[in-house]
Amino acid sequence: MHQSGRKPKLLTDYAPPAYLIDEVELDVALDPKAARVASKLKLRPNPDLVAGARRLALDGEGLSLQSVALDGIRLSREDYALKEGSLSIASVPAKPFTLEIVTLCDPEANTALSGLYRSNGTYCTQCEPEGFRRITYFIDRPDVLAVFTVRIEADRVGAPVLLSNGNLIAQGEIEGTGRHFAVWHDPFPKPSYLFALVGGDLACVSDSFTTASGRKVALNIYVEHGKEDRCAWAMDSLKRAMRWDEERFGREYDLDMFNIVAVSDFNMGAMENKGLNIFNDKLVLARPDTASDADYASIESVIAHEYFHNWTGNRVTCRDWFQLCLKEGLTVFRDEEFTADTRLGPVQRVVDVRLLKTHQFPEDAGPLAHPVRPASYIEINNFYTSTVYEKGAELCRMLQTLLGRDGFRKGLDLYFERHDGQAVTVEDFVAAMAHASGRDLSQFMLWYTQAGTPELACSLDYDVHAKTARLAVSQVVPPTPGQTKKEPMLIPLKVGLIGANGDELPLKLDDDTPLAGGLLEVTQREQVFEFRDVPSPPTPSLLRGFSAPVRLTTSLDPGQIEFLMLHDSDPFNRWQAAQTYALTLLTAAARGKGDRARVTDKAAARLGQSLGATASDAALLPAYRAEFLKLPSESDIARELGRSVDTDAVHTARETLRAAIGNAIREELAGLYERAAPSGPYSSDPESAGRRALRSAALDLLVGTGEPAELARAERHYREAANMTDAIAALAILSHLESPARDRALDDFYARWQEEPLVLDKWFAVQARAARPDSVETVQTLLSHPKFSLKNPNRIRALIGSFAQANPTGFNRADGGGYRLLADQALEIDRFNPHLAARLLGAFESWRILEPHRQARAKAVLEDLAARTLSTDSYEIVTKTLAAG
Ligand code: BES
Ligand code: ZN
């Protein structure tokens with residue numbers, strides 16, 4: 001913990017690199033404790049700079065330097081300076097020169113999982129954002145792009161498979177040593193964060209893909225031996241993603257080979273290294289008995305996401321890490337569009353917005369709020385956030401909404417045309433959109449620079465005599481840390497006016513041409529839109545498709561909301577109306593005390609009728625219908641309350657509504673449950689998955705009634721489950737209960753899956769998420785379970801992460817036991833994997849919206865953490881979380 005690492009880096013301090021690296025030759029001799037990396041770099045002074053300093057500084061961390069040579073001449077100890085974090089050479093030539101550096105690093109001791117490390121015996125790397133400097137000395141920043149040639153050497157027996165980026169150009173034995181080598185060449189210049197290397201004893205599943213222009217690409221997925229039968233879905237997803245990117249965005253793959261490697265120890269989900277994606281194995285391996293529909297869905301979207309980075313991130317990369325949304329936001333947008341186009345249709349929007357509101361809205365409203373393009377950071381690893389990713393994706397979506405699909409496509413084509421092979425900024429991206437469409441997008445740029453979720457208030461007045469409907473709109477962007485004053489934003493607001501019979505009324509503003517797509521552009525703090533020739537009083541449908549990431553408040557009364565939840569032709573808004581209706585009841589109940597913490601049976605029954613009607617409408621997609629039966633989550637309710645949250649009252653309110661709805665439409669739910677019963681073998685297609693989701697959602701409401709017959713139904717659901725989706729759905733429902741049925745199911749699940757790590761993670765997670773008074777103790781006990789270990793990030797996330805992030809009543813237990821548990825574990829994890837620890841500590845971000853008693857407990861724990869020795873990563877999270885709001 002050196003204080004220098006804690007100084008914020010500023011976007012405004014950006015300076016181009018003094019030297020460029022055109023070519024890299026790496027020679028890596030793999031060894032568990034002392035991997036030897038010989039690097040030969042071709043450098044030259046950056047021609048864009050007026051010749052200045054002669055000093056060259058290379059980044060490097062935790063390396064043991066063996067030798068440095070400049071243009072073939074070995075440097076002596078006086079010619080360079082070694083500090084923690086860098087190697088600098090006081091005087092280098094003013095013309096192109098060569099540096100040869102030999103270092104050692106220790107893959108087995110690498111517990112931070114950044115740089116070169118070992119996972120279950122396999123050597124692998126993770127370089128984004130700053131891991132390459134833990135492999136060799138380098139100018140480790142994304143605006144230095146080099147062509148890499150990599151020779152890897154290792155024991156033939158321990159590591160028969162040797163992979164790096166690009167194409168394989170040579171391989172062979174090293175006679176008499178038991179070692180062999182492979183040489184890889186990647187013709188595309190790339191920043192160091194996209195470098196990857198793998199060495200291990202892995203099985204390979206192969207296929208191929210022929211691109212639109214007729215080039216054949218070899219596709220390989222490398223997994224542990226014995227897991228070959230779990231790769232089919234990932235391979236299928238990859239091929240579909242490749243095809244879709246050609247069709248929708250005209251983007252073809254550009255190498256002869258595309259490799260994916262699955263490893264079991266990985267800090268994140270997956271990584272887009274050029275031609276060699278490395279994946280957390282949970283995002284590759286799937287078989288119907290081991291993976292749920294949710295797993296199938298994440299595998300599909302993460303495979304697609306990392307593949308899509310080949311253009312958005314790799315061919316065109318980021319100038320610096322402040323521009324992270326340039327690749328991540330855009331690539332999330334692309335993967336969302338892929339799933340919408342090929343799988344979920346309008347349901348995808350519901351799924352994405354739910355995720356945005358659950359994670360990004362709290363972040364934007366809390367102490368860690370930052371713009372989609374941050375202006376400062378201490379540790380860049382802490383900025384792979386929901387704001388950069390999910391809100392970043394929303395900004396791309398708004399551009400598409402504003403420019404139209406074709407306009408957006410033209411803008412993206414221009415972006416690739418202009419910037420292929422470059423490292424660019426958000427300004428470059430928006431400029432391409434602006435030039436291709438002829439629009440001025442300067443006000444839009446505020447979305448990248450202003451943090452905080454805009455609050456949009458809308459009210460509609462109808463004038464019977466004039467037959468006009470006046471929509472008054474106002475926007476406020478709330479203050480966020482470091483940003484007190486905000487400018488009004490450009491907000492695309494999609495609207496519809498619905499007549500009494502459910503018809504869409506034409507939208508006419510000043511002239512007679514109806515408003516295309518119902519799209520209004522809000523640009524001022526206060527604005528009025530007047531619709532003419534409105535024959536009868538309309539119900540407005542506002543922010544259709546969630547056209548902008550804002551908090552909407554409206555003047556709609558419950559009757560109008562109910563009308564929308566049955567009649568809105570916009571599928572997103574129809575679902576949103578149901579959620580809004582439920583949230584109104586839930587927040588009122590959660591604000592009440594004691595007996596008032598109830599939902600009136602009459603209101604619940606009304607809501608139940610509407611939900612039941614939609615859920616039973618066979619004309620709608622099953623997955624869509626299922627979304628109606630999922631009540632707002634406890635975190636939805638807490639977010640809506642916004643202050644003085646008592647998580648127990650929230651839980652009680654939700655349980656009460658759940659039971660009331662279950663009781664009100666029990667017959668209907670039971671009918672739905674029966675009709676959605678599986679027929680035939682498991683298939684992951686959207687229709688079948690939707691039916692399973694619908695059935696589990698009905699089961700959840702039925703069990704909420706507390707009727708013994710329904711509990712028996714859940715137990716039967718578990719016992720008869722023929723796939724992981726049904727088994728885990730039943731187990732999750734049972735896990736909250738105080739019943740022998742719960743223990744029986746958990747024991748059975750454990751007995752069946754104890755030797756399957758990814759499935760056992762589900763067993764840990766389901767218990768960590770259970771909303772029970774003893775969940776802190778349960779998690780505490782599981783921490784000493786023989787199968788629990790801090791060695792594996794997935795296991796840590798399954799138990800500790802699920803508890804802190806997905807169990808609001810347990811984590812926020814009034815005695816503060818949940819906070820203490822997280823703090824103790826994070827402190828321990830921080831010593832060996834700071835990145836992971838800092839992520840877990842993110843769970844404290846909403847402590848200020850809690851009621852005073854819980855706030856005090858959380859604050860005490862945070863203050864205690866702040867007084868400890870912390871990594872830079874955790875230090876940044878803890879101090880910012882505590883800082884006055
Ligand atoms: N580039 C990231 C992986 C990454 C993130 C590496 C942070 C190092 C630090 C990758 O493209 C990514 O975004 N992965 C996501 C999944 C994705 C589908 C949102 C992840 O790993 O969670
Ligand atoms: Zn990504």
Side-chain angles (χ1 to χ4, degrees), residues 112-115 117 124-135 140 142 190-196 234 237-238 241 245 260-263 265-284 294-318 321 323-339 348 351-352 355-356 359-360 372 374 377 379-394 396 793-794 797 801 805 833-840 842 873:
L113 312 188
S114 156
Y117 66 97
C124 62
T125 56
Q126 171 56 38
C127 293
E128 186 181 2
E130 298 178 334
F132 193 70
R133 63 187 64 185
R134 293 161 59 90
I135 298 176
D140 192 13
K190 65 169 175 289
S192 50
Y193 83 87
L194 290 172
F195 167 81
S237 301
L238 174 62
D245 210 17
I260 289 177
V261 177
V263 298
D265 304 284
F266 201 73
N267 271 347
M268 301 287 293
M271 178 63 210
E272 71 266 24
N273 317 299
K274 182 81 186 187
L276 177 54
N277 289 1
I278 298 184
F279 271 65
N280 186 323
D281 59 1
K282 75 182 236 157
L283 291 163
V284 172
D295 297 324
Y296 275 77
S298 350
I299 291 169
E300 183 184 81
S301 69
V302 181
I303 292 266
H305 176 99
E306 305 310 337
Y307 173 74
F308 296 154
H309 269 312
N310 192 52
W311 276 95
T312 48
N314 301 5
R315 288 288 287 260
V316 182
T317 195
C318 303
W321 293 119
Q323 321 293 330
L324 184 59
C325 67
L326 188 65
K327 74 177 181 81
E328 294 303 348
L330 178 55
T331 306
V332 169
F333 169 71
R334 276 151 54 69
D335 82 55
E336 290 175 354
E337 289 289 273
F338 166 66
T339 312
Q348 180 67 19
V351 171
D352 292 338
L355 191 82
L356 181 83
H359 297 119
Q360 200 277 326
V372 169
Y377 61 77
E379 169 53 60
I380 185 55
N381 266 306
N382 287 331
F383 282 79
Y384 288 77
T385 61
S386 187
T387 296
V388 169
Y389 275 67
E390 273 77 40
K391 189 173 180 180
E394 291 298 316
C396 295
N794 285 352
R797 282 184 287 254
Q805 271 136 22
N833 189 338
H835 176 138
L836 185 56
R839 283 213 156 240
L840 293 170
D873 307 54

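Worth knowing before you read on, the calculation uses all heavy atoms, side chains too, and leaves out hydrogens, waters and symmetry mates. When a ligand or atom number is given, it counts from 1 through the structure's own listing order.
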Next item on the list: Could you tell me whether Glu128 and ligand 1 have an N or O pair separated by under 3.5 Å?
Entry: yes
Notebook entry, point to check: Parallel under 30°, tilted from 30 to 60°, perpendicular over 60°: which one fits the rings of Phe132 and Phe195?
Noted result: perpendicular
Note to self: Given the Zn ion (ligand 2) as the apex, I'd like the angle to NE2 of His305 and NE2 of His309, rounded to 10 degrees.
What the structure shows: 90°
Margin query: I'd like to check which ligand 1 atoms, numbered from 1 as shown, lie under 4.0 Å from a non-hydrogen atom of Val302.
Written below: 18 (C)
Next item on the list: Within a distance under 4.0 Å of any heavy atom of Glu306, pick out the atoms of ligand 1 and give their elements.
Entry: 10 (C), 11 (O), 12 (C), 14 (N), 16 (C)
Check: Taking only heavy atoms of His309, which atoms of ligand 1 are found under 4.0 Å from at least one of them?
Finding: 11 (O)
Next item on the list: Decide whether an N or O pair under 3.5 Å exists between Glu328 and ligand 1.
Entry: yes
Notebook entry, point to check: Is the shortest heavy-atom distance from the side chain of His359 to the side chain of Glu390 under 4.5 Å?
Noted result: no
Next item on the list: Could you find the nearest protein heavy atom to atom 20 (C) of ligand 1 and give me its residue, atom name and distance?
Entry: Gly269 N, 3.4 Å
Notebook entry, point to check: Which heavy-atom pair separates Arg797 from Leu836 by the least distance, and what is that distance?
Noted result: NH1-CD1, 3.8 Å
Next item on the list: Answer yes if the side chains of Thr387 and Gln360 hold a donor-acceptor pair under 3.5 Å, and no otherwise.
Entry: yes
Next item on the list: Could you list which atoms of ligand 1 come closer than 4.0 Å to a heavy atom of Ala270?
Entry: 2 (C), 3 (C), 10 (C), 12 (C), 14 (N), 21 (O)
Next item on the list: Could you tell me whether the side chain of Ser301 reaches within less than 4.5 Å of the side chain of Phe338, counting heavy atoms only?
Entry: no
Next item on the list: Taking only heavy atoms of Gln126 into account, list the atoms of ligand 1 that are under 4.0 Å away from them.
Entry: 6 (C), 8 (C)
Notebook entry, point to check: Considering only heavy atoms of Lys327, which atoms of ligand 1 have at least one such atom less than 4.0 Å away?
Noted result: 1 (N)
Check: In a check of ring-ring contact (aromatic ring centres under 6.0 Å, His included) between Trp321 and each of Tyr377, Tyr193, Phe383, which one passes?
Finding: Tyr193
Next item on the list: Note the single closest protein heavy atom to atom 7 (C) of ligand 1, along with its residue, its atom name and the distance in Å.
Entry: Tyr384 CD2, 3.0 Å
Next item on the list: Could you tell me how the ring of His305 sits relative to the ring of Tyr389: parallel (under 30°), tilted (30 to 60°) or perpendicular (over 60°)?
Entry: parallel
Next item on the list: Look at Glu328 and state whether any of its N, O or S atoms is less than 2.8 Å from the Zn ion (ligand 2).
Entry: yes
Note to self: If the cut-off is 4.0 Å to any non-hydrogen atom of Met271, which atoms of ligand 1 fall inside it?
What the structure shows: 1 (N), 3 (C), 6 (C)
Next item on the list: Look only at the side chain of Asn314 and the backbone of Leu194, and say whether a donor-acceptor pair between them is shorter than 3.5 Å.
Entry: no
Check: Side chain, backbone, both or neither: which part of His305 has a heavy atom under 4.0 Å from ligand 1?
Finding: side chain
Notebook entry, point to check: Any idea which part of Glu272 is under 4.0 Å from ligand 1, heavy-atom wise: side chain, backbone, both or neither?
Noted result: side chain
Check: Which atoms of ligand 1 have any heavy atom of Tyr389 under 4.0 Å away?
Finding: 2 (C), 5 (C), 12 (C), 13 (O), 19 (C)
Item checked: Sub-4.5 Å side-chain heavy-atom contact between Glu272 and Lys327 -> yes
Note to self: More than 12 heavy atoms of other residues, nucleotides or ligands under 6.0 Å from NZ of Lys190: yes or no?
What the structure shows: yes
